[in-house]
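Please read the structure below before turning to the comments.
Positions are given from 1 along the sequence. As the structure lists them, so they are numbered: ligands from 1, and atoms in each ligand from 1.
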Amino acid sequence: MTSNHPPHVLIIGGGIGGLSLALFLHKAGIGSTVYEAYPPREAAGGGLNIAPNGMNVLAALGLAQDIISRGAVTMQHCFRDEHGKVLASIPYGNITKYGQPGVSMSRADLHEVLAQAAKVAGISIQYNKRLTGIDQHPTGVNACFEDGSSDSGDILIGADGIRSRTRSIILPDGPQPAFVNVVGVGGFAKISDLPEITSRELRSLNFTFGAKGFFGYCAAGNEYAMWWSNLYATEPMSEQALRQLSLDSIKAEMLAIYKDFHAPIATLIEHTERPIKQNISDIQSLPTWHKNRVLLIGDAAHAVSPNSGQGASMALEDSMYLAKLLRDGNGDYEQVFTQFEQDRKPRVEKIVAEGRRRGAGKQAVSPFQAKVRNFMMSIFLRLFGIKGQDWVYQYRVDWETRQRA
Ligand SMILES: Cc1cc2nc3c(=O)[nH]c(=O)nc-3n(C[C@H](O)[C@H](O)[C@H](O)COP(=O)(O)OP(=O)(O)OC[C@H]3O[C@@H](n4cnc5c(N)ncnc54)[C@H](O)[C@@H]3O)c2cc1C
């Protein structure tokens with residue numbers, strides 16, 4: 001499976017991984033087309049924090065300043081108990097050490113920055129193109145879409161998220177996404193509606209741990225704050241129940257749990273706009289990420305729990321590293337895909353495991369257990385701070401040095 005001309009790459013999924021891959025391929029002189037199932041701006045809800053390692057990837061695309069101007073820089077992680085007592089406060093946005101700060105923003109804004117950059121670069125993004133089938137042959141690959149159309153290229157990259165159709169085609173008997181007993185809830189509120197929020201809170205990622213559960217919040221850019229929380233459930237919510245949700249029902253449910261947590265939590269919930277509620281799943285280690293001319297990246301290959309705060313950054317790192325390998329490879333795609341998986345898997349799987357561990361610490365517990373957990377957490381965080389996370393945030397893809405085969 002060797003070719004001596006630059007490949008044309010079919011990218012399935014116009015999310016964080018797919019769009020950033022198209023941009024890095026463009027930088028490497030490799031052409032691609034992105035196929036996204038939804039119309040523009042429809043797929044992206046909620047907010048997210050891009051960690052310094054992800055921001056370094058965006059900086060390599062020249063997009064860091066745009067992201068910072070639309071989002072909110074977070075300088076520290078602040079852990080509190082439900083009464084507002086600070087358990088630990090540790091620096092996060094250490095630019096000298098990590099190169100870039102962490103930035104929180106709406107997912108829609110991040111997509112818009114990436115899509116706009118792709119447009120400027122002349123990259124074709126085809127919306128309303130839902131992949132249904134893949135046909136591989138000795139000289140190329142065809143992608144078939146729900147609307148009856150098809151397209152062909154040299155290789156196909158599945159960046160189509162946790163419910164990846166690409167994955168189910170190349171690994172029909174592989175692991176399926178599994179519900180992790182968490183329903184994620186979140187939303188945005190105007191900062192002007194939150195008189196109690198402090199400037200310290202607006203510069204921090206705030207994590208509050210109480211007996212009844214966990215509540216996180218931070219500034220999100222554009223004069224908004226965002227919040228998120230985990231609800232534990234034995235069964236995932238049905239499609240019908242998710243469709244029937246209303247802003248009022250989400251607010252009422254969250255206030256019933258968190259109304260006695262410290263300010264500004266109740267006010268944040270009361271002023272929520274654009275709420276989001278979804279079943280959270282992850283996926284066990286896949287036996288392989290590739291088959292012949294097809295490779296999976298981002299959540300399609302390794303869905304990281306939101307508790308890690310690293311899913312977007314992993315998709316960004318994947319994109320940059322894959323584009324570099326394709327640029328420097330000798331046209332043997334299978335060799336490139338094998339090397340990609342071999343080099344990326346240990347790091348992402350360590351982060352997946354860390355995300356699961358963090359999720360377990362956020363469950364509702366008895367008041368006594370909450371006190372013990374919070375005491376242990378404050379000791380641990382004060383002793384080790386963020387040093388334990390250096391391996392996550394300091395990671396860099398060296399774009400300039402050419403990769404030896
Ligand atoms: C509630 C929640 C909070 C999170 N918070 C954070 C956070 O704070 N920080 C962080 O780093 N990560 C966070 N994550 C994880 C992060 O969102 C993902 O890891 C990241 O979006 C993965 O990027 P991706 O490009 O692989 O997939 P996605 O962003 O899911 O993009 C996949 C794209 O493929 C498209 N698609 C799907 N199927 C098809 C098809 N058949 N044909 C064509 N297109 C298709 C989708 O519409 C979508 O646009 C969070 C996740 C959740 C659920």
Side-chain angles (χ1 to χ4, degrees), residues 10-22 33-55 57-58 71 74 102-108 110-111 114-115 125-134 143-147 151 156-169 177 180 182-187 205 207 216 218 220 226-231 275-283 296-319 348 351-352 355 358-359 392:
L10 308 181
I11 300 174
I12 308 302
I16 300 166
L19 291 173
S20 57
L21 175 62
T33 307
V34 180
Y35 304 89
E36 166 56 44
Y38 288 93
R41 287 181 287 279
E42 213 168 87
L48 80 178
N49 181 267
I50 311 166
N53 50 314
M55 283 298 296
V57 175
L58 290 162
T74 41
V103 176
S104 302
M105 68 194 306
S106 81
R107 191 182 291 267
L110 172 58
H111 277 219
L114 291 168
I125 307 176
Q126 303 209 7
Y127 291 99
N128 297 307
K129 289 281 177 192
R130 180 174 292 277
L131 180 87
T132 50
I134 297 173
C144 304
F145 302 99
E146 200 174 52
D147 62 3
D151 235 332
L156 182 149
I157 309 300
D160 45 353
I162 185 166
R163 311 229 162 252
S164 169
R165 175 72 186 135
T166 312
R167 185 183 62 236
S168 67
I169 293 169
V180 294
V182 172
V183 176
V185 195
L205 278 179
F207 304 99
C218 63
M226 66 188 202
W227 63 266
W228 62 97
S229 180
N230 293 346
L231 300 178
I276 186 162
K277 187 168 182 181
Q278 60 195 136
N279 297 314
I280 303 293
S281 304
D282 70 4
I283 192 154
L296 306 170
I297 65 166
D299 274 11
H302 47 70
V304 187
S305 147
N307 291 307
S308 72
Q310 278 291 324
S313 296
M314 289 302 101
L316 288 163
E317 288 180 9
D318 278 359
S319 299
V348 294
I351 286 172
V352 170
R358 283 195 203 175
V392 178

Roughly how far, to the nearest 0.5 Å, is the [atom2] atom of [Y] from the [atom1] atom of [X]?
{"X": "D318", "Y": "D299", "atom1": "CG", "atom2": "CG", "answer": "9.5 Å"}
{"X": "T132", "Y": "I134", "atom1": "OG1", "atom2": "CD1", "answer": "9.5 Å"}
{"X": "I50", "Y": "L316", "atom1": "CD1", "atom2": "CG", "answer": "7.0 Å"}
{"X": "L205", "Y": "W228", "atom1": "CG", "atom2": "CH2", "answer": "5.0 Å"}
{"X": "L48", "Y": "I16", "atom1": "CG", "atom2": "CD1", "answer": "5.5 Å"}
{"X": "T166", "Y": "I11", "atom1": "OG1", "atom2": "CD1", "answer": "11.5 Å"}

Where ligand 1 meets [X] - atom numbers and elements under 4.0 angstrom, heavy-atom basis:
{"X": "I12", "value": "42 (N), 43 (C)"}
{"X": "Y38", "value": "47 (O)"}
{"X": "K129", "value": "42 (N), 43 (C)"}
{"X": "R165", "value": "41 (N)"}
{"X": "G13", "value": "33 (C), 34 (O), 35 (C), 44 (N)"}
{"X": "Y35", "value": "43 (C), 44 (N)"}
{"X": "Q310", "value": "10 (C), 11 (O)"}
{"X": "G309", "value": "9 (N), 10 (C), 11 (O)"}

On the six-membered ring of Y38, is R130 placed so that its NZ or CZ lies under 6.0 angstrom from the centre and within 45° of the ring axis?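 Judged by the rule (NZ or CZ under 6.0 Å from the ring centre, within 45° of its axis), R130 counts as positioned above Y38.
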
Heavy-atom gap [X] to ligand 1 smaller than 4.0 Å:
{"X": "Q278", "result": "yes"}
{"X": "R107", "result": "yes"}
{"X": "V304", "result": "no"}
{"X": "S313", "result": "yes"}
{"X": "G15", "result": "yes"}

Under the side chain to side chain donor-acceptor pair (under 3.5 Å) rule, collect the residues that match up with S313, sequence neighbours excluded.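 So S313 forms no side chain to side chain donor-acceptor pair (under 3.5 Å) with any residue.
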
My understanding is that we take every heavy atom of each candidate and find the minimum distance to atom 22 (C) of ligand 1. Doing that for D318, I297, D299, T132, which one comes out nearest? D299

Selection from L110, L48, L131, D282 by shortest heavy-atom distance to atom 7 (C) of ligand 1: L48

Side-chain donor-acceptor contact under 3.5 Å, [X] with [Y]:
{"X": "Q310", "Y": "N53", "value": "yes"}
{"X": "D282", "Y": "H302", "value": "no"}
{"X": "R163", "Y": "S281", "value": "yes"}

Okay, side chain of R107, backbone of G47: is any donor-acceptor separation there less than 3.5 Å? no

Evaluate [X] for polar contact with ligand 1, using N/O atom pairs at a separation under 3.5 Å.
{"X": "H111", "result": "no"}
{"X": "I50", "result": "no"}
{"X": "I162", "result": "no"}

Select one of side chain, backbone, both or neither to describe which atoms of A159 lie under 4.0 Å from any atom of ligand 1, heavy atoms only. backbone

